[in-house]
2 protein chains.
Amino acid sequence: MRSIQRKFTTENYRDGETLACKGVDAPFMGIVRSGMLREDRPTPQGRTHLLALTFANEALAPQGCVRAKCTLTSVGETEVMTCDQRTFEELASAIPRLQLNLLHLIQDQLAQAQDWQLLLGRKTASERVASMLVSFHQRHGRPDEMHLPMSRADLGQLTGLTLETVSRQMRALEKAGLIAMPLPTRVRVLDAVALHELTGDAPARVAA
Amino acid sequence: MRSIQRKFTTENYRDGETLACKGVDAPFMGIVRSGMLREDRPTPQGRTHLLALTFANEALAPQGCVRAKCTLTSVGETEVMTCDQRTFEELASAIPRLQLNLLHLIQDQLAQAQDWQLLLGRKTASERVASMLVSFHQRHGRPDEMHLPMSRADLGQLTGLTLETVSRQMRALEKAGLIAMPLPTRVRVLDAVALHELTGDAPARVAA
DNA sequence: CGCCAATTTGACTGTGCTCAAGTAATGTGG
DNA sequence: CCACATTACTTGAGCACAGTCAAATTGGCG
């Protein structure tokens, strides 16, 4: 483990910086140590669409952004540990298990994308917003308060809703007492259980 | 290439058979030679939701179905060439390039899932149906007539629409003369260009 | 021919989008 | 430090698109 960490290089990004994803020494894979990354994909209309976020302690799919033609941008001060392809291959030849771990990593990313497909496919606006908040909360490690340094428009792209609908749903959750928002970008989850029931993922209620 | 094919085992499935995806000699990766596979994922409610299709000459993500908890089912007579994990590792040690090809394969699957996220996120019903038909048509190799042996309800799950809306949109395309449907499951694409313009993916029109 | 399932069509309804106005937060220059 | 400008967010009214429910039609099969 130590030997692995020594081979990785740590890079620091300020808010809004774009990670170079091409070239020989481009990051082949990486781990976000702090801060977060946003993954945007250009649309055929020349716009750009937010597809996913990578929070601290989550991994970057190897070159996923290149193949998927995505752009990785830091959100806030972000620290990323990366490893180029040659280095990874050196490590993998020493530790064969790494090759498989890498595969699992990207497979989990695929599974995550499919989860989100379910969300976008047949969930209502309130279910989508609740699902998103639960997902973020869990991935942050269930903190008292989360910082989501992104606009309502960004959250709308993630959930397939308009910024107005996102705002309305979040306000509704606040009025219902499930969350608190001291600032628009700061969210406290007050009732995680009730929030989870609104996701639409709650298992069918068992008859008493 | 020949040596690769010799190592793979060819399996034949009848319509509706489920592919075993667990166990030591379960398919680690595979290629659909003919027919097609559907990838369903169980929902938290105990239902099942169609997420993706794999047509002939397309590859199966290595164990993707296991990690993603998906079920692979044959649609119609289907021939699949598979390879278990041990066999693949033997091959890969002989041909190092395979390891990278495998990675690319699953990365492409991820890119495809993200494409679909864009479709589900912010497209209208007619754009979704047009996009789906264009995608299927291209992946089938642009044949005169496609056979889509699946119900409107299945197409609805793929596109995040109801079966009624799918039916209405397909009928509208037929009345507009862009496609023909001699049978509900047989689709002829008459005007691929016009169909593509309805996908919402058409590049912004250039001023004359 | 009759049955059954899938598809199509219709009428109505509701959710979420659009457009628009108002409010809160943030930054800037004097 | 405050007035101002700017951007983001919130809220409201109206409407359209797609969902729901229900009925009619089609095609397949014994």
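Proteins get letters first, then strands, A, B, ... in listed order; numbering begins at 1 in each. Because the structure is a prediction, the values reported are computed rather than measured.
At a threshold of 4.0 angstrom between heavy atoms, the contacts of G160(B) are confined to the sugar-phosphate backbone, with no base atom among them. Contact annotation for L163(B): base contact, defined as any heavy-atom pair under 4.0 Å involving a base atom.
Of the candidate nucleotides dT7(C), dT18(C), dG16(C), dT18(C) has the atom nearest to the side chain of R122(B). Checked against dT26(C), dT7(C), dT11(D), the side chain of K175(A) finds its nearest nucleotide in dT11(D). If you check dG28(D), dT7(C), dT26(C) against the side chain of L183(A), the one that comes closest is dT26(C).
Where P184(A) and S126(A) each meet DNA chain C at their nearest nucleotide, the meeting point lying more 5' is that of S126(A). A residue-by-residue look at Q169(B) and S151(A) shows that S151(A) has its nearest nucleotide of DNA chain D further toward the 5' end. Across the interface with DNA chain C, nearest-nucleotide mapping of K123(A) and P182(A) shows K123(A) to be the residue nearer the 5′ end.
Between the R142(A) side chain and the V189(A) main chain, no donor and acceptor come within less than 3.5 Å of each other. Checking side-chain atoms of S167(A) against main-chain N and O of L163(A) turns up no donor-acceptor pair under 3.5 Å.
Smallest separation of non-hydrogen atoms from L161(A) and V166(A): CB-CG2, 4.1 Å.
Here dT7(D) presents its P atom at 19 Å from CZ of R152(A), a figure rounded to the nearest Å. Between the CE atom of M181(A) and the P atom of dC9(D) there is a distance of 11 Å, rounded to whole Å. Spacing between atom CG of D154(B) and atom P of dA5(C) amounts to 16 Å, rounded to whole angstrom units. Summarising the geometry, the separation between CG on L155(B) and P on dT8(C) is reported as 10 Å, rounded to the nearest angstrom. A straight line from CZ of R186(A) to C1' of dA24(C) spans 17 Å, rounded to a whole angstrom. Remark: C1' of dG16(C) and CZ of R128(A) are 10 Å apart, rounded to the nearest angstrom.
Residue T165(A) places at least one side-chain N or O closer than 4.0 Å to OP1 or OP2 of dC17(C). Between R171(B) and the phosphate of dT8(C), there is a side-chain N or O to OP1/OP2 separation shorter than 4.0 Å. Residue T162(B) places at least one side-chain N or O closer than 4.0 Å to OP1 or OP2 of dG19(D).
Side chain R168(A) to base dT18(C): a donor-acceptor pair is found below 3.5 Å. The base of dC21(D) lies close enough to the side chain of E164(B) for a donor and an acceptor atom to sit less than 3.5 Å apart.
Side-chain polar atoms of T10(B) and E79(B) form no donor-acceptor pair below 3.5 angstrom.
Here the rule is side-chain hydrogen bond (donor to acceptor under 3.5 Å, both in side chains) with R38(B), and of T73(B), D154(B), T71(B) only D154(B) fits it.
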